[in-house]
Chemist: 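The structure that follows is given in the form of structure tokens.
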Amino acid sequence: MKATKITVGILMILISILILIQSMAAGFVNSVENNGHTSGSAGVIMSFAYLLCGILYLATQKMKSIGGDIATAAILILFGLISLASADKNFGDLTIWIWLGFIIGTGFLTWHILINRKQSNNQPPRIRQQYNQNNYQEPNQQNYYGQTNNQNSNQRPMSRTEMRRHKHK
């Protein structure tokens, strides 16, 4: 997913530049003809959404949480609806960019949800760790964190935080 987010993020930034150039041209034509169309402004809004989402995809490429995908889907849908409401036939490509934004935003969100669901189904259930595991083990047996239960030592048992640190070393 990391490589896909990098690729899509870069492509969205490049597409935002293309949309901005098209919308500036459409806005210029609208102002020269004085026809009252607003598709150029709607294109600028959609260009900003693509730029923002491209940056978000690049910034959240390593994150396993779903927050970045929720944010980009919300941005693309919200800005897409605003642009769709103010788009007209003068700038026909804008509807294509809006629908592409809808597909990208909801597609990544759905994909991330499905991946998280698949990973949670494949993981074994967590073994409940007792706060003081030494009471439940045989003498000199190692626990999950590599501690040995030595009945004769005067050492205090490790806390959960110490056990996690010891495990990751």
Side-chain angles (χ1 to χ4, degrees), residues 1-129 144-145 160-161 163-169:
M1 178 174 258
K2 179 181 173 183
T4 308
K5 277 192 170 185
I6 292 172
T7 306
V8 171
I10 291 170
L11 285 174
M12 287 185 80
I13 292 171
L14 294 175
I15 289 172
S16 76
I17 295 169
L18 176 69
I19 296 171
L20 182 65
I21 292 170
Q22 285 181 340
S23 62
M24 287 177 11
F28 178 73
V29 169
N30 290 339
S31 66
V32 168
E33 291 180 356
N34 199 13
N35 55 13
H37 294 288
T38 59
S39 56
S41 302
V44 171
I45 291 171
M46 203 62 205
S47 171
F48 181 68
Y50 268 78
L51 179 66
L52 188 61
C53 290
I55 292 170
L56 274 171
Y57 278 135
L58 291 176
T60 61
Q61 65 184 332
K62 293 181 182 179
M63 294 177 64
K64 294 190 185 270
S65 67
I66 198 166
D69 291 324
I70 291 173
T72 52
I75 289 169
L76 286 171
I77 290 171
L78 178 68
F79 281 51
L81 289 174
I82 292 169
S83 297
L84 195 60
S86 55
D88 50 23
K89 296 186 185 211
N90 190 23
F91 182 19
D93 291 349
L94 182 60
T95 55
I96 295 170
W97 299 125
I98 292 169
W99 286 107
L100 182 65
F102 287 161
I103 292 168
I104 290 172
T106 56
F108 264 107
L109 182 61
T110 306
W111 186 25
H112 205 137
I113 289 171
L114 292 176
I115 284 176
N116 285 347
R117 184 176 295 159
K118 183 179 177 183
Q119 287 176 352
S120 67
N121 289 340
N122 290 339
Q123 291 179 351
R126 290 187 67 166
I127 300 169
R128 289 191 172 186
Q129 298 290 327
Y144 181 75
Y145 296 100
R160 287 182 183 182
T161 307
M163 287 185 207
R164 284 189 202 111
R165 286 185 192 142
H166 181 72
K167 177 185 172 190
H168 294 297
K169 285 184 181 179

Chemist: Does M63 reach the side chain of T60, with side-chain heavy atoms less than 4.5 Å apart?
Modeler: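 With C-beta onward as the side chain, the pair touches.
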
Chemist: Closest heavy-atom contact between G105 and A73?
Modeler: O-CB, 3.5 Å

Chemist: Would you mind listing every side chain to side chain donor-acceptor pair (under 3.5 Å) that reaches into residues 38-54, with sequence neighbours excluded?
Modeler: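 Residue pairs passing side chain to side chain donor-acceptor pair (under 3.5 Å), neighbours aside: S39-D88.
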
Chemist: Holding to ring pair (Phe, Tyr, Trp, His ring centres under 6.0 Å), I want the full list of residues that pass it with Y57, two or more places apart in sequence or in another chain.
Modeler: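 Scan of Y57 (ring pair (Phe, Tyr, Trp, His ring centres under 6.0 Å), adjacent residues dropped) gives F108.
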
Chemist: Determine the minimum heavy-atom distance between L76 and C53, stating which atoms define it.
Modeler: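 That closest heavy-atom pairing would be CG-SG, 3.5 Å.
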
Chemist: Once you round to the nearest 0.5 Å, how far does CE of M24 lie from CD1 of I19?
Modeler: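 With rounding to 0.5 Å, CE (M24) is 13.0 Å from CD1 (I19).
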
Chemist: Tell me, which pairs form a side chain to side chain donor-acceptor pair (under 3.5 Å) where one or both residues lie in residues 93-111, sequence neighbours left out?
Modeler: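 Pairs touching residues 93-111 that pass the test: Q22-D93, Q22-W97.
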
Chemist: Quick one: does S83's side chain have a donor or acceptor within less than 3.5 Å of a partner on A42's backbone?
Modeler: yes

Chemist: With rounding to the nearest 0.5 angstrom, report the CD1 to CG distance, I45 to L78.
Modeler: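 Atom-to-atom, I45:CD1 and L78:CG are 10.0 Å apart.
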
Chemist: Let me confirm one number: the CG-CD1 distance from L109 to I104, rounded to the nearest 0.5 Å.
Modeler: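 Answer for the CG-CD1 pair, L109 versus I104, is 13.5 Å.
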
Chemist: Please report the interatomic distance CE(M46) to CG(L100), rounded to the nearest 0.5 Å.
Modeler: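 These two atoms lie 8.0 Å from each other.
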
Chemist: Hey, could you give me the NE2/OG1 distance between H112 and T72, rounded to the nearest 0.5 Å?
Modeler: 10.5 Å

Chemist: For L58 and I13, what are the C-alpha separation, side-chain angles and deciding distance, and is it a side-chain contact (heavy atoms from CB on, under 4.5 Å)?
Modeler: CA-CA 10 Å; L58 291 176; I13 292 171; 3.8 Å; yes

Chemist: Keeping to residues at least two apart or across chains, list the salt bridge (Lys or Arg N to Asp or Glu O under 4.0 Å) pairs with something in residues 5-21.
Modeler: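 Found K5-D69.
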
Chemist: Using 0.5 Å steps for rounding, measure from the CG atom of L51 to the CD1 atom of I75.
Modeler: 10.5 Å

Chemist: Please identify each residue that fulfils side-chain contact (heavy atoms from CB on, under 4.5 Å) with S31, with sequence neighbours left out.
Modeler: F28

Chemist: Quick one: side-chain contact (heavy atoms from CB on, under 4.5 Å) partners of L81, sequence neighbours excluded?
Modeler: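 If we apply the side-chain contact (heavy atoms from CB on, under 4.5 Å) test to L81, skipping adjacent residues, the hits are I77, F102.
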
